[in-house]
A.B. asks: 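Input: one structure, supplied below.
Computed over heavy atoms, backbone and side chain alike; hydrogens, waters and symmetry mates excluded. Proteins get letters first, then strands, A, B, ... in listed order; numbering begins at 1 in each.
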There are 4 protein chains.
Amino acid sequence: MYNSIREECGVFGVYSKTPTAVANSVFYGLYALQHRGQESCGIVVNDCGVFSYHKGLGLVNEVFNSENLSKLPQGKIAIGHVRYSTTGNLTASNAQPIVVRHVKGPMAIAHNGNLINALQLRREYELKGAIFHSTSDTEVIAYAMTEARITSGSIEKALETAMGKIRGAYSLVIMSAKKLIAARDPDGFRPLCIGTLPDGGYVVASESCALDSVGAEFLRDVLPGEIIVINDNGLTSIRTHCGKKGTMCVFEFVYFARPDSVIDGFSVHQARIKAGEFLWQEHPVDADIVIGVPDSGLDAALGFAHASGIPYGVGFIKNRYVGRTFIQPAQGMRENSVRIKLNVIKKVVEGKRVVLVDDSIVRGTTSGRIVDLIRNAGAKEVHMRISSPPFISPCYFGTDIDSKDKLIACKMSTSEIAKHIGADTLGYLSAENVVRIAEEAGTGFCRGCFTGEYPIEVPDEMPKDKFEQKLVE
Amino acid sequence: MYNSIREECGVFGVYSKTPTAVANSVFYGLYALQHRGQESCGIVVNDCGVFSYHKGLGLVNEVFNSENLSKLPQGKIAIGHVRYSTTGNLTASNAQPIVVRHVKGPMAIAHNGNLINALQLRREYELKGAIFHSTSDTEVIAYAMTEARITSGSIEKALETAMGKIRGAYSLVIMSAKKLIAARDPDGFRPLCIGTLPDGGYVVASESCALDSVGAEFLRDVLPGEIIVINDNGLTSIRTHCGKKGTMCVFEFVYFARPDSVIDGFSVHQARIKAGEFLWQEHPVDADIVIGVPDSGLDAALGFAHASGIPYGVGFIKNRYVGRTFIQPAQGMRENSVRIKLNVIKKVVEGKRVVLVDDSIVRGTTSGRIVDLIRNAGAKEVHMRISSPPFISPCYFGTDIDSKDKLIACKMSTSEIAKHIGADTLGYLSAENVVRIAEEAGTGFCRGCFTGEYPIEVPDEMPKDKFEQKLVE
Amino acid sequence: MYNSIREECGVFGVYSKTPTAVANSVFYGLYALQHRGQESCGIVVNDCGVFSYHKGLGLVNEVFNSENLSKLPQGKIAIGHVRYSTTGNLTASNAQPIVVRHVKGPMAIAHNGNLINALQLRREYELKGAIFHSTSDTEVIAYAMTEARITSGSIEKALETAMGKIRGAYSLVIMSAKKLIAARDPDGFRPLCIGTLPDGGYVVASESCALDSVGAEFLRDVLPGEIIVINDNGLTSIRTHCGKKGTMCVFEFVYFARPDSVIDGFSVHQARIKAGEFLWQEHPVDADIVIGVPDSGLDAALGFAHASGIPYGVGFIKNRYVGRTFIQPAQGMRENSVRIKLNVIKKVVEGKRVVLVDDSIVRGTTSGRIVDLIRNAGAKEVHMRISSPPFISPCYFGTDIDSKDKLIACKMSTSEIAKHIGADTLGYLSAENVVRIAEEAGTGFCRGCFTGEYPIEVPDEMPKDKFEQKLVE
Amino acid sequence: MYNSIREECGVFGVYSKTPTAVANSVFYGLYALQHRGQESCGIVVNDCGVFSYHKGLGLVNEVFNSENLSKLPQGKIAIGHVRYSTTGNLTASNAQPIVVRHVKGPMAIAHNGNLINALQLRREYELKGAIFHSTSDTEVIAYAMTEARITSGSIEKALETAMGKIRGAYSLVIMSAKKLIAARDPDGFRPLCIGTLPDGGYVVASESCALDSVGAEFLRDVLPGEIIVINDNGLTSIRTHCGKKGTMCVFEFVYFARPDSVIDGFSVHQARIKAGEFLWQEHPVDADIVIGVPDSGLDAALGFAHASGIPYGVGFIKNRYVGRTFIQPAQGMRENSVRIKLNVIKKVVEGKRVVLVDDSIVRGTTSGRIVDLIRNAGAKEVHMRISSPPFISPCYFGTDIDSKDKLIACKMSTSEIAKHIGADTLGYLSAENVVRIAEEAGTGFCRGCFTGEYPIEVPDEMPKDKFEQKLVE
């Protein structure tokens, strides 16, 4: 709500031992992953090889209702996707999973991530006669698999070959006529985990909170580079592309993931508490109360309070009816949009020296308004603490931290930003400590957006508008 | 409404001399072609090579509104499509025009017809790595063109090559970055005509009534086998595949086309008047009044009345609010659905010997109910006259006359049908005369559904459910 | 479509011997009466004294669907209403039937007509403490009944008393806890008829076509001034206010009613045929073809053709998908709206002397465009014949012929109008003959809009915007 | 979400010095009051005496959009309402404000509360000829005012008289052609406050958080029994019915009101913190962590933690996309609905002795599921603390605590409830202390639902289904 940094996608898949209303499980799973993408969603059900699907623009409980869910047949396998995407325009046509038919039959793919060689591959396939309907990377992955499938003995072998071609961040959930397949790129940029169902079936999901939502038990994370194949014989693993420790996006821990998820073995909530503790160590301050900016600053504020001994308080009430589509009837009231979503509890901050904890500052506008709210409510001092380092470089791996000229930290020093947003002091978590908030996790971290150093070679420039056709839905 | 025989599509394209609100012209054109397809529609606009589109399930004025039309940019070229289809499920994904990007850039295709070698071609492309998103023939045409485009100097050359591969009925409107292209299969199964705009631009449309709706002047029909290319240099013609006189679907004249259209040089209304005249010659009867079944039986009834000297009367009032989505709240009232749509004017038929003219009998159920209505209103005799021959064979060229077991004329003699529907006498237009209703038109005719003899070789059996994936929208 | 003259309402009621899905019957009845009002509609069901209802803005099959119809309970009595109204703004709040609760229990009222003393009565009730929620006359009728009910032994007695207070045009269908009541004003301005159901129940409706739609048999018209009471004991009649022969609105026969209805004993279709015959007698012309403007000019054109011996032709095709909500995307194309709805069949009029028959001319704009269409299609001469006299005076009895300054005939002579609309000659049906088109009907006629002489005293001026509150739905 | 206890309404009104887009202010105000009623809402604008309105079923940002807001005219006065109601069915017809016209002109009323003599008054008015359209108390208030208005010199005088007749809980916002009026019942059961606008205008609202949302400054609370009149001359007060200290519903502080509101001089958030502190004093326990049930248990949990010294933790993540219309596709999954909305952060509770704080227990079902969630996540002990006393008696003053047989505390002892919900211990705030959580507020309290003793005489039984007509929207 207060950040323009957005994750691109969440994926979910289920394999049931017996035909059942698998669409409902996917619905619940996507509902738990809604924070990973609010623009479109879709579910594909496999009923003995016949694929049925429904996709649309909107939130999971806007796109799906009991009527269309009940029209989807029962089956053993189903996959789903929620999407916010920096690649491809906002259109129903780009909604995932994509469902295609190739030489060996039907296939559905749901993808979270971003390829860095999508344009080159697309060009290569076009030169062989390929036709592209959408503007998403997912169609490129489909072609890479289809090409390999012609000479491969199985879909997982085709995927293994395709993973030798595609480069970048991808967590995939794929469905063929008889198999549910999950795969994670060799660097493990985006999370992906496996759960078991009471009936002996399996679930795969971007985050463990989605396993909880369907009553699945967490089994393990998919390894960086691993391909998981689930069919009637159970689960098998292909590890040809495995080997790296992984460079998970650290911003998943800072902001993207849900606090109740456990990613690569570490609790997101705990990581945020730790971020708050580090923040206190790095930027201590004499104050009367610590408050967090809802919702994503609350955990770090609690960590800061615990570490510092300064009391933790509830400073803001967020209007819980704020929806995706909140309207701004009056032009002149637009600057008040923060006030409509957040209100200060005066009693809590009046006359106090306040530590205000948030997860990030992108352009500075929202942070400035929030500091204003606190001051207008009578705070004597406002000390802003940010539970991540300043953004200074674009992200190539599936988020929309894409352009230096929108990032305030590329243009101002920390003290200038403090002045700009009206804070008495401002402290960011350091790039050294940000990777320590989850250091017990079984993965390394990508912190390219904070340092400009990326785990794999990135293109010279960020491609924009990869493909030119537009849709008006 | 009273027939289960449905046309599959209508196509429309516009090339304006200067960038303008071309989407509006397509909207009006599609609106005039609505009778050719009520299930989905779409418009694609080309704004300097960037394609923008909107497609959806529903009637033209349900899918489009001033808001989404105004979001489509201005441009010089645009194409559109209305669809009822026997190929591909009813889904937004199968809505046309399809918009794809291939090696030489973007392309949009709108197609009316049916290929008889679509399955073979699809298999062939799949074996080369092709991926299919939809279940329509149009995607096969796109692959045929894309394959040829790699080695062709232009899109029209690629189409020329592709037309050597695809077989069946097709009237195409295609848009590339800079060209509007129209083509008709070498047999000319489906209509396609060209008009000129006051500003020097061009319009192509399935029927001339759509030219009228945008104020275009009729120029000429596209020839069987002809490719028309329109760009800034004007209109050029490629006639490599021309030569045949054409075998236009005669049912276009009997039922599909709008009476105010002129097809291949002949007025549809006049053809229907003639059909009524032939009916009188073939099946004269002593009667008091001639009435037509609205709307498509009215013209032939007028022809019958003129030829016979029996007075023409208005026997039925059709509820003008009957929509596509008329609901049947009560299970038990379903048999009354004809009564809800049609009501008899008692005064007109009471105590009379009535000649009742309709365009066709498919299963006989609706005809039986209509005869009942007339009898209940007090008609002494009911003489049914049908302005086309009995259906005895499936259609392979783009209509849904698809299966012998649904066709009453395959199972009963004419006198048995008369008895079945409760008519005193029943007379069909003969297969000899049906092609004479428009004999002054510059085309021959396909009357395969009436004779089982087709102008080109047809498959042994009618493929059903070509592709298995389903969609739940 | 081509007239701005609109009827205000249609009413329907059903009394079933046993509890059944009465809402469905009302649905079908309203569907048949849709031409009498397209702006809102509603159904109220009485399930053992508990009234349930659904009302909304839109056509019957837009407002109702199988879901909301199935939510309405079964019952023995139900009433419904379709509305276009000159009194009260277009809002859901003004949708009828109105459902109220008064001292003796619940009551629902559906009203077709217009009171001429509504404002006085409203003021009178307000002075006694009454509160008005809507801006429709129906609430005034409700108060008149409620006031009388306190001292009356029954609802029909209360209505009898109320009918002594309210003046103007009203055809009412009223439902109480145990009764279905129908009543018509003493002058019988608007139609109302009774039918019997196969199960022994009754139906009341504005027009007989609605009886047909539910399989009811026509019993008789409600007499001017009559109150009909239907309950478990059957049908009884109160005739205190009866006595006048009636002065039915003659424009019901000319335009409002459906041709398949029989009103006060005479067929609407026959009346229109007769209007065409009188037109030929009054304004003969040498011509080649007679065509009618769809839909309401067609019958009179047929009568004109029969009387004159000039051939009857189909000159126009009306787009059958024209809906209430047809959009005009481009400002500049607005003048073409007639062209989009109507297209000429050139072959029929080209080079011909055409007699063009329509039911009325209001402002002249539409008529002018239609004449243009015919001329552009190549007609040599265009002779306009109008099956009613010129409008010269407002209507106080339930139509929107409300203001002299919009009526072309108040400003121009017939020859000036002919010139204005571009016709070679123009002939109106005379005020003498208009009442003869249905002279065998068992009623006299009001033709105030053609003569300025009304059957009852009318107010000095037409009240506008009776009440000031507005609604934005 | 987790309680079946619901407030019935929120009211809002604005008086601007100059005509402006007052509907927008009401929109923002209602949006801030959304928690007081989610079923319907409405806005009425007064543009120089002409009232325009829009009302509908749904949330504020579902019912209103920029299109319909922009259709509402500018004006100086406007009022609005959000509604959840125990009186009157859920229908658009019962949406408020109600807009009526009486002898002195138009009036709009928005009401929060519940009358205890509504039925008697309704009967009394019916006997005088009154007609009721809705089933809400608001119409009764309108009649009481209208009756008085006939003999009163002003609308405020009429209200003063009416307040002598109506008994129960009511906070009213009323608009006449020239005045904005606010009034609170003599016992002050429901909150109502006044704010000033920068332009010199005034705002009245159920809670102060709505003043904040439009940038108004808090002026003061409306006194119990006070009538506030705002017009061009400013604000005046009528205190005829004043005198009591007030018996505000204490559950407003416990649960209904937003924590950022200040009611009768005391901060709701502070009251909840205090409730947590009292809970610790009354029911201390040895534990490792204190967690609250989102959202309404969080403040009391913080108070409990502060008072006890036990660490405060975040134990639950609530899915922030939970909407009013969350669907339950699978019958079998219904019992998991809590799991879908709430998920436990395992790390926080695993192996811990947990104090779980919630605001109330109604039926016990939800509480049992929440305890289950915590136990399944590995908590060693679960000590439930409830920040209000047990419900043992119905509420007559505007909430839906209506029937003893649904209240678990009427059927079980505290230890039985503890066992029933699976908690190791259970402690409720005492009825003595619940009124002390806001003892510095300038009002007394009603705690009838906790004690069965009410500040004013209540009916013998709770009337249900006051009026029988139903609506199916």
Side-chain angles (χ1 to χ4, degrees), chain A residues 23 43-56 64 67-73 89 91-93 98-108 122-123 125-135 139 142-150 177 465 467-473, chain B residues 23 43-56 64 67-73 89 91-93 98-108 122-123 125-135 139 142-150 177 465 467-473:
Chain A
I43 296 176
V44 188
V45 173
N46 176 342
D47 171 21
C48 302
V50 177
F51 284 26
S52 303
Y53 62 89
H54 180 61
K55 305 194 281 190
F64 291 96
E67 198 191 335
N68 58 28
L69 274 173
S70 69
K71 277 190 193 160
L72 285 166
N89 293 290
T91 69
S93 296
I98 66 166
V99 180
V100 298
R101 194 179 168 85
H102 62 112
V103 64
K104 299 290 185 183
M107 174 168 68
R122 188 165 162 136
R123 187 74 190 152
Y125 294 120
E126 281 180 353
L127 288 167
K128 293 178 186 161
I131 292 173
F132 288 86
H133 289 246
S134 75
T135 58
E139 212 174 353
Y143 267 110
M145 290 183 65
T146 300
E147 180 188 51
R149 187 69 181 92
I150 295 169
D465 295 327
F467 319 112
E468 5 174 302
Q469 77 216 12
K470 285 178 191 168
L471 301 95
V472 179
E473 301 281 341
Chain B
I43 296 176
V44 188
V45 173
N46 177 341
D47 171 20
C48 301
V50 177
F51 284 26
S52 303
Y53 62 89
H54 180 62
K55 304 194 282 189
F64 291 96
E67 197 191 335
N68 58 29
L69 274 173
S70 69
K71 277 190 192 160
L72 285 167
N89 293 290
T91 69
S93 296
I98 67 166
V99 179
V100 299
R101 195 180 167 84
H102 61 112
V103 64
K104 299 291 186 183
M107 175 169 68
R122 187 164 162 134
R123 188 73 191 151
Y125 293 120
E126 281 180 353
L127 287 167
K128 291 177 186 163
I131 293 173
F132 287 86
H133 288 247
S134 75
T135 57
E139 213 174 353
Y143 268 110
M145 289 181 66
T146 301
E147 182 188 48
R149 186 70 180 91
I150 294 169
D465 295 327
F467 318 112
E468 11 177 297
Q469 77 216 12
K470 285 176 191 169
L471 301 95
V472 179
E473 301 280 345

A.B. asks: Pick from B:Arg101, B:His102, B:Lys104: which one makes a side chain to side chain contact (heavy atoms under 4.5 Å, CB included) with A:Glu126?
C.D. replies: B:Arg101

A.B. asks: Hey, could you give me the NE2/CD1 distance between B:His133 and A:Ile131, rounded to the nearest 0.5 Å?
C.D. replies: 9.0 Å

A.B. asks: Would you mind checking which part of A:Arg123 comes under 4.5 Å of any heavy atom in chain B, side chain (CB onward), backbone (N, CA, C, O), both or neither?
C.D. replies: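 Side chain of A:Arg123 only, per the 4.5 Å heavy-atom cut-off to chain B.
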
A.B. asks: Side chain from CB out, backbone as N, CA, C, O: work out which of these in B:Tyr143 comes under 4.5 Å of a heavy atom of chain A, or both, or neither.
C.D. replies: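 Both backbone and side chain of B:Tyr143 come within 4.5 Å of chain A.
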
A.B. asks: Go through the atoms of B:Ala142 and report whether side chain, backbone, both or neither lie under 4.5 Å from a heavy atom of chain A.
C.D. replies: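 For B:Ala142, heavy atoms of backbone and side chain both lie under 4.5 Å from chain A.
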
A.B. asks: How far apart are the closest heavy atoms of B:Ile150 and A:Leu127, and which atoms are they?
C.D. replies: CD1-O, 3.4 Å

